[in-house]
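Structure first, then comments.
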Amino acid sequence: MAPTNTPTGPPVPFVPTAIEEFLPEPRSGPSDTDDWAETLRRLGRLAGARSIGVTSAATLSEASTPLQAWLANGQHGQMEYMARDAPRRSHPTELFPDARSIMAIAVPYAPPLTQLRRSAETTARPIAAYALGTDYHVALKHKLRRIAQGLANYRKETIRARLAVDTAPLMEREAARRAGLGFFGKNTMLITPGTGTFTLLGVMLLDLELPSSSASAGDCGECRACLDACPTAAFPAAYQLDARRCISYLTIEYQGVIPESLRPSIGSRVYGCDACQTVCPYNRTADQKPHDEELAPRPQTDLSPLDLLQLTSGQYRRLVKGTAMRRASRQQLARNAAIVLGNSGDRKNVPALIEKLHSAAPVLVRQHVAWALGRLGGEQAKQALETTSAGDGELAEAIKSALLALSD
Ligand code: B12
Ligand code: SF4
Ligand code: SF4
């Protein structure tokens with residue numbers, strides 16, 4: 001997943017107040033290690049962040065090599081902002097020249113439990129778990145602000161902080177890893193011991209020298225479950241992800257025609273993908289509660305792929321309001337839903353698809369609808385495809401190849 005359209009803005013001052021939650025006086029000054037570790041935990045707790053840690057704002061040098069390799073191989077696809085901002089992503093002081101420390105938090109959200117119990121492929125939900133609750137950009141920034149305020153109160157001095165929750169050119173996983181929140185899994189996720197991978201990260205650059213947290217030990221060992229479970233074979237190797245094949249990228253970031261060869265593997269996923277996390281043993285053994293309440297699924301996200309194909313603009317606005325789903329347009333959701341309906345194997349969906357094919361929906365959507373009809377097959381689908389007049393553009397091409405698929 002990728003940045004919100006809301007910029008984080010410049011560093012913000014936090015002035016000490018007397019009204020914020022109580023924090024203990026340090027026994028021998030803020031740099032006393034024991035006091036500091038306990039204070040950090042309290043700061044995290046008061047904001048509802050299970051894991052919290054600190055690292056220096058020095059260059060995130062270990063992250064820049066994998067990032068450069070990823071970009072050089074074109075594995076970022078259409079995510080031009082990743083290439084444009086690359087030189088700054090591993091240099092926190094480019095973002096905030098006075099930064100001395102980075103504070104990072106990991107907040108767990110509800111994992112797809114039914115998936116964890118069964119096979120990832122057969123029970124994949126249409127919407128990835130992270131997007132079902134309140135927009136994490138908003139929820140985590142709120143937590144970071146509370147922590148910054150608590151820290152200003154604790155230190156009894158004004159501090160300045162630059163917040164980032166997927167909203168700034170910064171390698172958040174590496175910052176969080178260095179702050180002791182976990183280690184990298186082969187699926188490239190940050191694994192937090194005891195919590196797993198179903199977490200969202202927030203980081204804050206601070207104009208304060210703070211003691212660094214100790215590194216978190218752990219590794220994947222011989223396991224390779226995520227690499228084998230990826231429906232689109234998006235991992236060319238362990239710790240490397242080719243976004244161009246990743247369902248999360250294709251359904252959320254990618255604006256164009258989804259390659260036909262990848263459509264069947266998208267299965268039932270309309271927005272994002274949880275497959276490489278669902279199979280991870282660190283999630284099975286993780287303490288599955290409590291999750292952050294704000295990130296818990298909201299009722300309006302309980303929609304079927306058919307609902308998502310047919311969303312009116314009003315329904316779309318209501319669905320995405322206040323959630324991370326606003327990253328995808330109505331057109332992208334309808335495109336993705338058409339693929340999922342094509343994969344459903346259920347011909348009951350044919351009439352709704354025909355209606356969409358004949359509607360004034362964008363060509364991009366109708367191209368994918370034509371494919372879905374070709375995949376579902378049957379007399380009704382065939383007749384609709386044969387009788388649709390589509391000129392000689394991209395839609396006509398899509399109908400032609402759908403009819404070819406039908407005759408196979
Ligand atoms: C671009 C992006 C995407 C892209 C590309 C993902 C990718 N793996 O690069 C796409 C759209 C595919 C995507 C998908 C998802 N994303 Co995203 N995404 C980002 C974003 C904006 C940048 C990531 C980036 O810099 N990628 C470039 C690669 C090179 O860097 P990296 O991912 O940090 O990878 C590190 C490791 O792989 C490691 N590494 C590389 N080689 C090696 C070798 C060895 C031996 C080792 C040990 C390590 C190692 O070093 C790299 C540098 O730190 C971040 C937010 C941010 N600003 O950081 C969120 C972020 C990474 N995404 C996040 C999430 C939740 C997701 C999804 C789960 C959403 C979903 N359910 O659909 C999926 C997960 C897919 C996956 N397996 O990664 C979270 C991850 C939280 C966590 N616990 O790790 C982040 C941090 C957002 C946030 N603030 O919470 N995402
Ligand atoms: S999110 Fe899904 S498609 Fe992307 S790498 Fe993980 S399993 Fe593969
Ligand atoms: S599934 Fe296995 S290999 Fe993949 S991240 Fe989890 S422990 Fe590592």
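Counting starts at 1 for both ligands and their atoms, in listed order.
Residue K186 has at least one heavy-atom neighbour below 4.0 Å for each of these atoms of ligand 3: 3 (S), 5 (S), 8 (Fe). Distances below 4.0 Å separate heavy atoms of T232 from the following atoms of ligand 2: 3 (S). Within ligand 2, the atoms closer than 4.0 Å to a non-hydrogen atom of C230 are 3 (S), 5 (S), 7 (S), 8 (Fe), numbered from 1 in the order shown. Residue contact check: L201 has heavy atoms under 4.0 Å from atoms 81 (C), 86 (C), 88 (C), 89 (N), 90 (O) of ligand 1. For ligand 2 and P231, the ligand atoms under 4.0 Å from any heavy atom of the residue are 7 (S). Close contacts of ligand 2 with C273, meaning ligand atoms under 4.0 Å from a residue heavy atom, involve 1 (S), 2 (Fe), 3 (S), 7 (S). Those atoms of ligand 3 with a heavy atom of Y282 less than 4.0 angstrom away are 7 (S). Listed by atom number, the atoms of ligand 2 under 4.0 Å from L241 heavy atoms are 5 (S).
Using a 4.0 Å cut-off between charged nitrogen and carboxylate oxygen, D292 and K143 count as a salt-bridge pair. Classification of E94 and R89 as a salt-bridged pair fails, no side-chain N sitting under 4.0 Å from a carboxylate O. R326 has a carboxylate O that lies under 4.0 Å from a charged side-chain N of D135, or vice versa, which qualifies the two as a salt bridge. Electrostatic pairing of E62 and R177 counts as a salt bridge here, judged by a charged N lying under 4.0 Å from a carboxylate O. Taking 4.0 Å as the cut-off between side-chain N and carboxylate O, E174 and R178 do not count as a salt-bridged pair. Using a 4.0 Å cut-off between a side-chain N of Lys or Arg and a carboxylate O of Asp or Glu, R160 and D98 qualify as a salt bridge.
On a distance-only criterion, L190 and ligand 1 share at least one N/O pair closer than 3.5 Å. For the pair Y109 and ligand 1, the shortest N or O to N or O distance does not fall below 3.5 Å. Checking only distances, T188 does come within under 3.5 Å of ligand 1, N or O to N or O. At least one N or O atom of D274 sits closer than 3.5 Å to an N or O atom of ligand 1. In terms of polar-atom proximity, Y136 is not counted as a contact of ligand 1, lacking any N or O under 3.5 Å from an N or O of the ligand. By the 3.5 Å distance cut-off applied to N or O atoms, W70 is not counted among the residues near ligand 1.
Other residues, nucleotides and ligands contribute more than 12 heavy atoms inside 6.0 Å of the CD atom of E157. Surrounding CD of E394 are at most 12 heavy atoms belonging to other residues, nucleotides or ligands under 6.0 Å away. Within a 6.0 Å sphere centred on CD of Q68, heavy atoms belonging to other residues, nucleotides or ligands number more than 12.
Because the distance cut-off is set at 2.8 Å, C223 qualifies as a neighbour of atom 2 (Fe) of ligand 3 through one of its N, O or S atoms.
Annotation: atom 4 (Fe) of ligand 3 to nearest protein heavy atom, C226 SG, 2.3 Å. Remark: minimum distance from atom 8 (Fe) of ligand 3 to any protein heavy atom is reached at C220 SG, 2.3 Å. Looking only at protein heavy atoms, the nearest one to atom 6 (Fe) of ligand 3 is C280 SG, 2.4 Å.
Comparing heavy-atom distances from atom 23 (C) of ligand 1 across M79, Q75, M82 singles out M82 as nearest. Which of R269, R245, M189, E172 comes nearest to atom 74 (C) of ligand 1 through a heavy atom is settled by distance: it is M189. Evaluated by nearest non-hydrogen atom to atom 71 (N) of ligand 1, the leading choice among A234, C273, S90, A237 is C273. Among T278, L170, T195, D166, the residue whose heavy atom sits closest to atom 54 (C) of ligand 1 is D166.
Of the possible donor and acceptor atoms, none in the side chain of D242 sits under 3.5 Å from a partner among the backbone N and O of F235.
Annotation: F198 is not in aromatic contact with Y282 [ring centroid separation under 6.0 Å not met].
Of the heavy atoms in Y130, only side-chain atoms (C-beta onward) come closer than 4.0 Å to ligand 1. Counting heavy atoms closer than 4.0 Å to ligand 2, residue I247 contributes atoms from both its backbone and its side chain. At a heavy-atom distance under 4.0 Å, only side-chain atoms of F235, from C-beta outward, approach ligand 2. Under 4.0 Å from ligand 1, not a single heavy atom of L140 appears. Contact annotation: for N187 versus ligand 2, there are no heavy atoms closer than 4.0 Å.
Here the closest heavy-atom approach between residue S265 and residue I247 is recorded as O-CD1, 3.7 Å.
By the 4.0 Å heavy-atom criterion, Q277 is counted among the residues contacting ligand 1.
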Exercise. Check step by step if side chain to side chain contact (heavy atoms under 4.5 Å, CB included) holds for T251 and V270.
Key: CA-CA 6 Å; T251 56; V270 179; over 6 Å; no

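When side chains are defined from C-beta on, R100 does not count as touching L210, because their heavy atoms never get closer than 4.5 Å. No side-chain heavy atom of V107 sits less than 4.5 Å from a side-chain heavy atom of Y109.
Looking at L201, L295, T323 one by one, the single match for side chain to side chain contact (heavy atoms under 4.5 Å, CB included) with Y136 turns out to be L295.
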